[in-house]
Participant: 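Starting off with a structure, shown below.
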Amino acid sequence: MNTINRRDFAKSVGALSLISAAGVSGCASIGAVSSAKAKPKVVVVGGGYGGATAAKYIAMWSEGKIDVTLIERDAQFVSCPLSNLVLGGSKSIGDISVAYGGLAKYGVKHLNGEATGFNATKKTIFLADGTTLAYDRLILSPGIDFMLESLPGLASPEARSKVLAAWKAGPETVALRNQLVAMKDGGVFAIHIPKAPFRCPPGPYERACQIAWYFQREKPKSKVLILDANEDVQSKKGLFTKAWNGQFKGLIEYRNNQEIQDVDANTNTLKMTFGDDLKADVLNVLPPMRAGNIAAMNGLNNANKRWCHVDWLTYESTAVPGVHILGDSLQVAPAMPKSGHMANQHGKICAAAVIELLTGGVVNPTPMATNTCYSFIDDKNVVHVASVHHYDAKQKTMLSVTGAGGLSPEQNALEGVYANSWAKSIWADMLA
Amino acid sequence: MHTRTSQFAAAVAASALSQLALSQTPSALSQTPASPNLARNLAAQCANCHGTNGKSVTEVASLAGQNAPVIVQKMKDYREGKLPATVMTQLARGYSDEQVALMADYFSRQSK
C-alpha cells in the first residue's frame with residue numbers, strides 16, 4: 001500500500017469504499033466512477049460501552065459526513081455494570097437493558113448480526129449471514145472471551161449453562177439469579193475469580209456483596225464463598241472487607257490464592273490446584289479471560305497472545321493497520337481498569353482520532369480519560385474508585401495523573417443515588 | 001507502515017471530501033490549543049455523568065450553557081476541597097487550569 005504514488009491515486013480520488021473494496025489493483029478503473037458524494041466508511045463491531053460510544057460520537061461529531069455502521073449480535077444492550085443487582089434481586093434485567101434505536105438520529109446504521117472476521121488488506125468485514133461490508137476504518141469493541149482451554153470441564157455449552165460465568169450481562173445473569181432463587185436455605189454459593197487481569201476488577205467482590213445481601217434477607221443460613229486465584233482483593237479492598245467483616249459477617253468468607261485445575265459441572269465441584277475438591281450448591285466460575293474472539297482470532301492479540309496493543313492516540317492496533325480496538329480487549333495502560341466507563345472514554349478518544357484520520361485533520365496529541373467506577377454493597381449503599389489518565393508522549397502510553405482520583409471514605413447512600421444516575425447518564429451518552 | 005498508511009488514508013480522504021468542514025468551537029483563549037478540537041475532546045470526558053455535550057439527563061448538574069467563570073471557579077473549589085463532593089474533588093485534581101478553562105469555555109457555548 002505504501003508503494004502507491006499519491007499523485008496517481010489522486011486522479012482516481014473519491015469512492016473510498018470502492019477503493020477499499022477493490023484494493024490497490026483496482027485504482028485504474030475507479031476514475032470512471034462518479035464519486036463526489038462518497039463518504040468515508042467506518043464499521044464498528046460491538047455495541048457495548050466502547051463501540052456504541054464510538055459509533056455515536058463519530059456520527060455526531062462528523063455531522064453525518066462519515067458513514068457509520070454498528071454491528072451488534074444482540075438485539076439490545078444489556079449493561080454489565082449494575083448486573084450484579086439483578087443477582088441480588090433489587091433490579092430486573094429490563095432495568096439494565098437499553099434499545100439501539102436511539103442511534104438512528106445520528107445516522108448510525110445498526111446491523112443486528114455477528115461479525116466473524118475481516119480482511120485488513122481489502123478492508124472488508126464479514127458477517128455470519130454472508131454479508132460483506134467495506135470499511136475505511138474498522139473499530140472493534142468485542143469485550144472479552146474466555147480461555148476455556150485451561151478448564152476442559154467447561155468446554156461444552158452444557159457445562160457452561162450449569163456452572164455459569166454470567167460475566168456478560170444477559171440471559172446468563174437471569175439464569176444465575178434463578179439458580180440462587182432455587183437454592184435451599186443453608187446452601188453455599190461459591191464464586192471463583194481468575195488471576196488478574198480480568199474484566200471489571202471490583203465486579204466479583206460486588207457480586208459477593210449482592211448475593212450476601214439477598215441471602216441475609218431471604219436465606220439467612222446460606223453462605224457466600226469467594227475463592228480468589230489472586231493473592232488479594234483486586235479492587236476497593238478496604239471498602240469491601242469492611243462490609244464482609246461488618247454487615248455481612250458470617251455470611252461471606254474470602255479465601256486467597258485459590259487456583260483451580262478444572263471444574264466438574266456435573267457435581268458443581270472445583271478441582272483445586274492445592275487442597276481438597278470444593279463443592280458448592282451454586283457454583284459461579286469466571287474463567288480466565290482474553291480479548292474478544294474477533295480480535296483474538298485475527299492476530300490483534302499481540303500482548304502475550306491474550307490482549308491487544310494499541311496506539312493510545314488513535315486506538316489503532318499495533319498489529320494490523322486500519323483496525324482500531326476499544327475496551328476490555330486492550331492490553332491496559334498502567335493503572336487503567338477494564339471498565340465500562342473506561343471503554344466509553346476509549347470510544348470518544350478513538351472517535352475523535354478516526355474523524356481526523358479520515359478528514360486529513362490533526363490527531364489530538366494530548367488525550368485525557370477519566371474512570372469512575374461504582375460498586376453496590378447492598379441495594380442502596382455504594383463505594384467508588386475514580387482516576388484521571390493522561391497521555392505520556394515519552395512513554396507513549398496513558399498514565400494516571402498523580403494526586404487525582406481516589407476512593408469513597410466509606411459506603412454511603414448518596415453515592416447509591418449517583419451510581420444509578422451514572423448508569424442512566426452513560427447509557428444515554430452511548431445510545432440516546 | 002502504520003503511520004504512512006494513516007497519513008495516506010487521511011490524504012485521500014481529504015481530497016475526496018474537500019467540502020467537509022467539521023464544526024470547531026473557537027476558543028476564547030489567546031493560547032491556541034494543540035488540536036482544534038481539544039476543548040470538545042476534553043469536555044467529552046464529562047459526558048458519562050453530565051450528559052452528552054453537558055446536557056444532563058439525571059439530577060447531576062447540566063454543564064451546557066453555564067457561565068464559563070462559574071465552572072472554572074467550581075473546579076477550583078473542588079480541587080482545593082472548598083466544595084464538598086464524592087467524586088469531583090478527586091477528578092478535578094486531574095486537570096490543569098488551561099484544560100479546565102477549555103472545557104468551561106466549550107460547555108458555556110452549548111445550548112441548554
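Protein chains get the first letters and strands the later ones, always in sequence-line order, with residue 1 at the start of each.
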Participant: Ignoring hydrogens, what is the shortest heavy-atom contact between A:N371 and B:L91? Give both atom names and the distance.
Facilitator: O-CD2, 4.3 Å
Participant: Checking heavy atoms, do the side chain of A:V417, its backbone, both or neither come under 4.5 Å from chain B?
Facilitator: both
Participant: Any side-chain heavy atom of B:V87 sitting closer than 4.5 Å to one from A:Y418?
Facilitator: no
Participant: Can you name the nearest heavy-atom pair linking A:Q345 to B:Q45, along with the distance?
Facilitator: NE2-O, 3.1 Å
Participant: Measure the CG-CZ distance between A:N364 and B:R40 for me, rounded to the nearest 0.5 Å.
Facilitator: 9.0 Å
Participant: Identify which of B:G51, B:A47, B:S56 forms the greatest number of heavy-atom pairs closer than 4.5 Å to chain A.
Facilitator: B:A47
Participant: Looking at CH2 of A:W61 and CG of B:N53, how far apart are the two atoms once the value is rounded to the nearest 0.5 Å?
Facilitator: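 If I round to the nearest 0.5 Å, the distance is 8.5 Å.
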Participant: More than 12 non-hydrogen atoms from neighbouring residues, nucleotides or ligands closer than 6.0 Å to NZ on A:K380, yes or no?
Facilitator: no
Participant: Are A:T366 and B:Q99 close enough, and set up right, to give a side-chain contact (heavy atoms from CB on, under 4.5 Å), and what steps lead you there?
Facilitator: CA-CA 11 Å; A:T366 56; B:Q99 288 169 331; 5.8 Å; no
Participant: Return the minimal non-hydrogen interatomic distance between A:A428 and B:T52, and the atom names on each side.
Facilitator: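 The answer is O-OG1, 4.3 Å.
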Participant: Output the distance between atom CG (A:N420) and atom OG1 (B:T58), rounded to the nearest 0.5 Å.
Facilitator: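 Nearest 0.5 Å value for the CG-OG1 distance: 10.5 Å.
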Participant: Got a donor-acceptor contact below 3.5 angstrom from the B:Q90 side chain to the A:A404 backbone?
Facilitator: no
Participant: Pair B:N41, A:Y57 - check side-chain contact (heavy atoms from CB on, under 4.5 Å), show working.
Facilitator: CA-CA 10 Å; B:N41 295 345; A:Y57 272 77; over 6 Å; no
Participant: Under 4.5 Å heavy-atom distance to chain B, tell me which part of A:I349 shows up: side chain, backbone, both or neither.
Facilitator: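 Answer is neither: A:I349 stays 4.5 Å or more from chain B.
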Participant: Which answer fits A:S400, side chain, backbone, both or neither, if we ask what part of it has an atom under 4.5 Å from a heavy atom of chain B?
Facilitator: neither
Participant: Sort A:H341 into side chain, backbone, both or neither according to what part of it lies under 4.5 angstrom from a heavy atom of chain B.
Facilitator: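 For A:H341, heavy atoms of backbone and side chain both lie under 4.5 Å from chain B.
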Participant: Below 4.5 Å from any heavy atom of chain B, which atoms of A:M60 appear? Answer side chain, backbone, both or neither.
Facilitator: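 Just its side chain gets close to chain B.
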Participant: So for A:Y49, is it side chain, backbone, both, or neither that comes closer than 4.5 Å to the heavy atoms of chain B?
Facilitator: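 A:Y49 has no heavy atom closer than 4.5 Å to chain B.
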Participant: To the nearest 0.5 Å, what is the distance between CD on B:E59 and OG on A:S421?
Facilitator: 3.0 Å
Participant: Which atom names give the shortest non-hydrogen contact between A:H384 and B:T86, and what distance separates them?
Facilitator: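 Where A:H384 meets B:T86 most closely, the heavy atoms are CE1-O, 3.1 Å.
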Participant: Count the heavy atoms belonging to other residues, nucleotides or ligands that lie under 6.0 Å from NZ of A:K396, then report whether that count exceeds 12.
Facilitator: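 Counting other residues, nucleotides and ligands, NZ of A:K396 stays at 12 neighbours or fewer.
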Participant: Hey, could you give me the OG1/CG distance between A:T370 and B:N48, rounded to the nearest 0.5 Å?
Facilitator: 5.5 Å
Participant: If we define contacts as heavy-atom pairs under 4.5 Å, which of A:P409, A:S408, A:G405, A:A423 has the most with chain B?
Facilitator: A:G405
Participant: Please look at A:K424 and chain B and tell me whether the side chain, the backbone, both or neither of the residue comes under 4.5 angstrom of a heavy atom of that chain.
Facilitator: both
Participant: Looking only at heavy atoms, what is the nearest atom pair of A:S425 and B:V57, with distance?
Facilitator: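 In this case the closest contact between A:S425 and B:V57 is CA-CG2, 3.9 Å.
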